[in-house]
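Keep in mind the model is a prediction, meaning the values are calculated, not measured.
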Amino acid sequence: MSKRMRPVWWTVSAVMAVGVVGVLGAVWAFGPRIGIWLVPPSPERYGQDIVRMLDSGLYAHGAEWATARQEALDALTSVHSFDEADAALADAVRVAGGHHSRIIPASGSSSDPDGGPALPTVTVDGGIATAVVPEFTGDPAAGQRYADTLAEGLVDADVCGVIVDLRGNGGGDMGPMLAGLAPLLPDGDVSSFVIRDQVTTVRLTDGTVSGGGTTTSTAAGATTLDVPVAVLTDDGTGSSGEQAAIAFHGLDRARSFGLPTAGYASVNQTMTLYSGSTLALAVGETEDRTGARFGDAPIAPDQPSQDPVADATAWLTGQC
């Protein structure tokens with residue numbers, strides 16, 4: 001090889017080396033966000049990775065976050081296990097994401113003792129259907145059963161009004177919930193998730209819900225029922241239960257009754273941690289079809305009521 005060519009090969013090698021170092025640096029810094037680690041982290045490094053994830057939290061700005069962040073980093077210097085790191089970060093997680101955010105231990109999930117999630121029910125009394133919509137967490141097959149049971153029950157009911165009972169619905173996967181309620185909702189934008197300058201739209205099209213939770217379709221959901229809807233909420237209505245309630249906001253023939261919700265309508269992002277735990281972090285807010293936004297504050301019903309079934313029934317009877 002001539003001396004003249006050596007600088008060229010050296011330049012190419014240097015560029016390649018810089019490129020490799022850059023890629024490795026990016027993986028080192030951002031890989032934990034998507035479950036990639038170049039080497040097993042120490043408990044302290046594990047915690048530092050989580051702190052960087054917390055920087056994207058809904059409330060991760062200002063003096064309070066700066067203080068909580070530094071206190072978390074200081075506490076991580078003396079941890080000896082991943083569990084200790086999780087515990088040391090508890091306060092920082094709440095500051096960054098609010099009360100909808102937490103670190104869920106790997107052992108935190110358990111199988112349903114009854115063998116599966118509860119299914120919705122639809123009953124009819126005096127020309128009014130009552131759809132009890134429970135929380136849902138399960139696989140896609142279970143989600144399909146949930147959605148079909150609800151949508152088919154609504155379409156098969158020959159009624160002039162519907163009560164959607166979301167009391168005690170603590171959340172889970174909103175896709176099957178909204179697909180099941182599709183006969184009561186118009187096609188189009190249902191709501192939106194606003195995460196900083198990004199907006200993701202939850203949309204309903206011919207019984208298919210996309211953009212929120214698991215994309216779910218129901219054949220019965222393509223049938224629209226032109227009936228008034230009374231939505232019942234209480235302080236047990238949270239997270240995806242609140243998303244289901246928000247889906248009826250702004251509709252002319254819908255009204256909510258009961259008590260304020262739990263206040264978990266902020267948008268959560270989940271990230272799997274090296275320990276097997278999961279970080280659930282609120283990163284945005286929900287916007288309804290009227291433009292109103294909801295996060296960690298309870299959502300008040302249109303008509304506060306201590307007897308929402310009776311009040312909703314009276315309202316629907318007047319509408320019918």
Side-chain angles (χ1 to χ4, degrees), residues 117-122 129-155 157 162-194 199-233 236-251 253-256 261-262 264-268 284-290 292-294 299:
L119 291 175
T121 60
V122 179
T130 297
V132 177
V133 184
E135 61 187 48
F136 171 76
T137 302
D139 60 26
Q144 192 65 57
R145 287 194 298 273
Y146 181 107
D148 287 338
T149 298
L150 181 53
E152 291 169 7
L154 289 170
V155 169
V162 176
I163 294 175
V164 174
D165 192 348
L166 295 170
R167 292 175 298 174
N169 182 331
D173 190 342
M174 66 182 287
M177 293 182 201
L178 293 184
L181 293 168
L184 305 176
L185 297 166
D187 276 4
D189 295 350
V190 176
S191 58
S192 299
F193 298 146
V194 182
V199 178
T200 300
T201 300
V202 180
R203 189 166 182 82
L204 172 62
T205 307
D206 293 331
T208 298
V209 173
S210 59
T214 300
T215 298
T216 308
S217 300
T218 56
T223 300
T224 301
L225 303 179
D226 185 18
V227 296
V229 178
V231 179
L232 310 187
T233 64
T237 306
S239 193
S240 289
E242 288 169 297
Q243 297 293 341
I246 288 171
F248 291 93
H249 285 193
L251 299 182
R253 301 191 71 187
R255 186 171 179 80
S256 57
T261 63
Y264 288 85
S266 52
V267 181
N268 263 21
E285 296 176 305
T286 300
E287 184 173 279
D288 68 15
R289 56 170 53 84
T290 74
R293 290 190 184 183
F294 303 90
I299 303 171

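With sequence neighbours excluded, no residue forms a salt bridge (Lys or Arg N to Asp or Glu O under 4.0 Å) with E152. Legend: residues meeting side-chain contact (heavy atoms from CB on, under 4.5 Å) with A219, ordered by chain and number and at least two apart, are absent. S256 pairs by the side-chain contact (heavy atoms from CB on, under 4.5 Å) definition with V231, P301, D302, not counting sequence neighbours. Remark: P140 pairs with no residue by the side-chain contact (heavy atoms from CB on, under 4.5 Å) rule, at least two apart or across chains. Annotation: side-chain hydrogen bond (donor to acceptor under 3.5 Å, both in side chains) contacts of T286 (sequence neighbours excluded): Q243.
Residue pairs meeting the side-chain hydrogen bond (donor to acceptor under 3.5 Å, both in side chains) criterion with at least one member in residues 132-147, sequence neighbours excluded: Q144-D148. Counting only residues at least two apart or on different chains, no salt bridge (charged side-chain N to carboxylate O under 4.0 Å, His left out) pair has a member in residues 211-221. For residues 199-214, every residue pair satisfying the salt bridge (charged side-chain N to carboxylate O under 4.0 Å, His left out) rule, not counting sequence neighbours, is listed here: D189-R203. Judged as a salt bridge (charged side-chain N to carboxylate O under 4.0 Å, His left out), not a single pair has a partner in residues 174-187 (not counting sequence neighbours). Sequence neighbours left out, the pairs with a member in residues 218-229 that pass side-chain hydrogen bond (donor to acceptor under 3.5 Å, both in side chains) are D226-R253. Here salt bridge (charged side-chain N to carboxylate O under 4.0 Å, His left out) pairs that include residues 211-221, with residues two or more places apart or in two chains, number zero.
The line from CZ of F248 to CG of L166 is 7.5 Å long, rounded to the nearest 0.5 Å. The CD atom of E285 lies 13.0 Å from the OG atom of S191; values are rounded to the nearest 0.5 Å.
The two residues T149 and P120 have their closest heavy-atom pair at CG2-O, 3.5 Å. Contact detail for E242 and Y264: the closest heavy-atom pair is OE1-N, 2.7 Å. When all heavy atoms of V155 and P183 are compared, the closest pair comes out as CG2-CG, 3.8 Å. Heavy-atom minimum distance, V190 versus A247: CG1-CB, 3.4 Å.
With respect to L184, the side-chain contact (heavy atoms from CB on, under 4.5 Å) criterion is satisfied by exactly one of L154, L251, L150: L154.
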Would you list the atom pairs, donor with acceptor, under 3.5 Å between side chains in residues 167-181 and any protein atom, with sequence neighbours excluded?
unit_1, atom_1, unit_2, atom_2, d
R167, NE, D165, OD1, 2.9
R167, NE, D165, OD2, 3.4
R167, NH2, D165, OD2, 2.8
N169, OD1, G171, N, 3.0
N169, ND2, V133, O, 2.9
N169, ND2, P134, O, 3.2
D173, OD1, G175, N, 3.0
D173, OD1, T214, N, 2.9
D173, OD2, T214, OG1, 2.6

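Residues E287 and V199 have side chains not in contact (no heavy-atom distance under 4.5 Å, counting atoms from C-beta outward).
Between the side chains of T261 and T237, not a single donor N or O lies within less than 3.5 Å of an accepting N or O.
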